[in-house]
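The structure appears below as structure tokens.
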Amino acid sequence: MDTAGYDGALSKTADVTTNDPHKPIFTLSLRAVISKPGTSPGRRVGPFIVGPSNRWAGNIARGTTADALITIYNDSPQPVKITKVEAGGEAFTVILETLEAGKRYLLKAQNSPSLPVGKHTQLVTLKTDSRDFPELQLQLEATIFPLLSVNPQLLLFENLPVSRPDYTVETLGKFIFVRQARGATLEIKKLTATLPFLKVEIADSVPGQAYTLKVGFKEKPPQGEHKGVVKIETNDPDTPVFEVRVVVTAQ
């Protein structure tokens with residue numbers, strides 16, 4: 001880890017992919033607190049400098065975890081001890097480490113891997129022995145997104161000159177990218193299109209992780225505007241079926 005330019009809490013992860021069918025992927029984590037002479041960077045909250053802020057937010061793939069690290073530094077002449085930690089919820093597990101009693105602390109938090117898709121907020125309260133500042137509150141926020149992403153969500157085929165006898169549609173095509181954020185378990189079970197003149201096929205893939213789908217034409221569409229969907233059926237429990245809208249304008 002290159003610590004140049006860093007000060008305070010730092011977390012790094014690395015995904016390891018293996019050929020073990022029972023554990024095809026796992027994550028290595030490294031957490032550190034970089035100390036430099038002088039005042040630590042962060043936000044002033046009472047007698048403390050909380051770094052990088054008293055609010056942590058992360059975007060996390062469903063079924064995975066992220067580490068939140070918050071440093072708490074008392075730069076006042078008098079020591080202020082943190083005497084109690086109130087987690088404030090179950091979305092995150094929290095642990096407070098004392099680096100220097102009355103002066104420096106490190107809050108470690110990790111989201112639960114079972115959190116459903118959506119936003120989850122937890123307010124952690126730290127009790128102190130200070131009469132003037134009896135508690136410090138830290139906000140943790142996890143936005144859980146599905147492992148599966150499909151882009152784009154709309155395909156436009158505009159102004160196709162199908163009335164021309166020499167015009168061919170067989171070479172036309174647009175692409176849909178289907179990716180799994182982590183792991184290597186993604187399967188595409190079935191591809192269909194509600195417009196009868198369209199065809200959908202897998203153009204490229206990284207098995208279990210990413211697929212490139214090509215949407216093309218079996219034949220010329222009739223003149224006019226046609227609206228339909230490409231239906232992608234997968235083994236993903238959150239999004240077993242994903243629909244991409246298709247608009248075709250033929251003239």
Side-chain angles (χ1 to χ4, degrees), residues 6 8-16 23-33 40-46 48-73 82-99 105-128 133-151 153 177-186 208-210 232 234-243:
Y6 287 98
L10 184 62
S11 177
K12 296 289 185 179
T13 61
D15 289 337
V16 181
K23 199 165 188 179
I25 190 167
F26 61 90
T27 302
L28 299 176
S29 300
L30 179 62
R31 294 175 293 186
V33 179
S40 299
R43 176 175 293 181
R44 166 70 65 180
V45 184
F48 298 109
I49 297 176
V50 184
S53 171
N54 59 342
R55 177 181 177 272
W56 181 93
N59 295 314
I60 307 162
R62 183 195 58 78
T64 66
T65 60
D67 294 320
L69 298 178
I70 299 177
T71 56
I72 303 160
Y73 172 59
I82 296 176
T83 58
K84 185 179 179 181
V85 179
E86 295 180 355
E90 298 182 354
F92 290 84
T93 57
V94 294
I95 298 173
L96 184 73
E97 289 189 2
T98 301
L99 305 180
Y105 298 87
L106 174 66
L107 184 85
K108 297 180 179 180
Q110 186 178 83
N111 67 286
S112 168
S114 62
L115 290 178
V117 171
K119 184 178 288 187
H120 305 269
T121 302
Q122 185 167 321
L123 194 63
V124 180
T125 302
L126 306 180
K127 301 291 186 177
T128 80
F133 197 80
E135 65 180 35
L136 169 66
Q137 291 188 323
L138 308 174
Q139 180 174 305
L140 305 174
E141 183 179 291
T143 300
I144 307 298
F145 60 87
L147 282 175
L148 182 66
S149 65
V150 178
N151 290 293
Q153 298 180 23
F177 303 95
V178 184
R179 293 184 176 88
Q180 184 172 295
R182 285 197 175 188
T185 59
L186 177 63
Q209 294 180 318
I232 305 166
T234 77
N235 65 335
D236 183 81
D238 291 328
T239 318
V241 179
F242 201 99
E243 294 185 349

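All residue numbers in this chain count up from 1 along the given sequence.
- The CG atom of Leu30 sits 10.0 Å away from the CG atom of Asp67 when rounded to the nearest 0.5 Å.
- Asn111 places a side-chain N or O within 3.5 Å of a backbone atom of Ala66 that can act as its donor or acceptor partner.
- The CZ atom of Arg179 sits 14.5 Å away from atom CG of Leu147, with the distance rounded to the nearest 0.5 Å.
- A heavy-atom distance below 4.5 Å is not found between the side chains of Phe92 and His120.
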Is there a side chain to side chain contact (heavy atoms under 4.5 Å, CB included) between Asn54 and Phe48 once you walk through the steps? CA-CA 10 Å; Asn54 59 342; Phe48 298 109; over 6 Å; no

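- Looking only at distances, no side-chain donor or acceptor of Thr128 sits under 3.5 Å from a matching main-chain atom of Leu136.
- Closest non-hydrogen pair, Ala91 versus Leu115, comes out as O-CD1, 3.8 Å.
- Atoms CG and CG, on Leu96 and Leu107 in that order, are 6.0 Å from each other to the nearest 0.5 Å.
- A distance of 12.0 Å separates CG in Leu140 from CD in Gln110, rounded to the nearest 0.5 Å.
- Remark: Leu138 CG to Ile70 CD1 distance equals 5.0 Å, nearest 0.5 Å.
- Summarising the local packing, CD1 of Ile95 is surrounded by 12 or fewer heavy atoms from other residues, nucleotides or ligands at distances under 6.0 Å.
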Test log, rule side chain to side chain contact (heavy atoms under 4.5 Å, CB included), inputs Leu126 and Glu135: CA-CA 5 Å; Leu126 306 180; Glu135 65 180 35; over 6 Å; no

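- Of all heavy-atom pairs spanning Phe133 and Gly46, the tightest one is CE1-CA, 3.7 Å.
- Formation of a donor-acceptor pair under 3.5 Å by the Gln139 side chain with backbone atoms of Thr121 is not found in this model.
- When all heavy atoms of Val94 and Ala109 are compared, the pair lying nearest together is CG1-CB, 3.8 Å.
- In this structure, Thr65 contributes its side chain and Pro113 its backbone to no donor-acceptor pair below 3.5 Å.
- The side-chain hydrogen bond (donor to acceptor under 3.5 Å, both in side chains) test applied to Thr93 returns no partner, not counting sequence neighbours.
- Without hydrogens or angle criteria, Thr234 side chain to Thr239 main chain gives a donor-acceptor distance under 3.5 Å.
- Shortest non-hydrogen contact noted between Thr143 and Lys119 is OG1-CE, 3.9 Å.
- Contact detail for Gln209 and Leu186: the closest heavy-atom pair is O-CD2, 4.0 Å.
- Closest heavy-atom contact between Phe145 and Ala181: CE1-CB, 4.0 Å.
- Rounding to the nearest 0.5 angstrom, the gap separating the NZ atom in Lys84 from the CD atom in Glu86 is 4.5 Å.
- In this structure Asn235 satisfies the side-chain hydrogen bond (donor to acceptor under 3.5 Å, both in side chains) test with no other residue, sequence neighbours excluded.
- Under the 3.5 Å distance criterion, with hydrogens and angles disregarded, no donor-acceptor pair is assigned to the side chains of Glu90 and Ser112.
- Here the side chains of Leu69 and Lys108 are in contact, with some heavy-atom distance below 4.5 Å.
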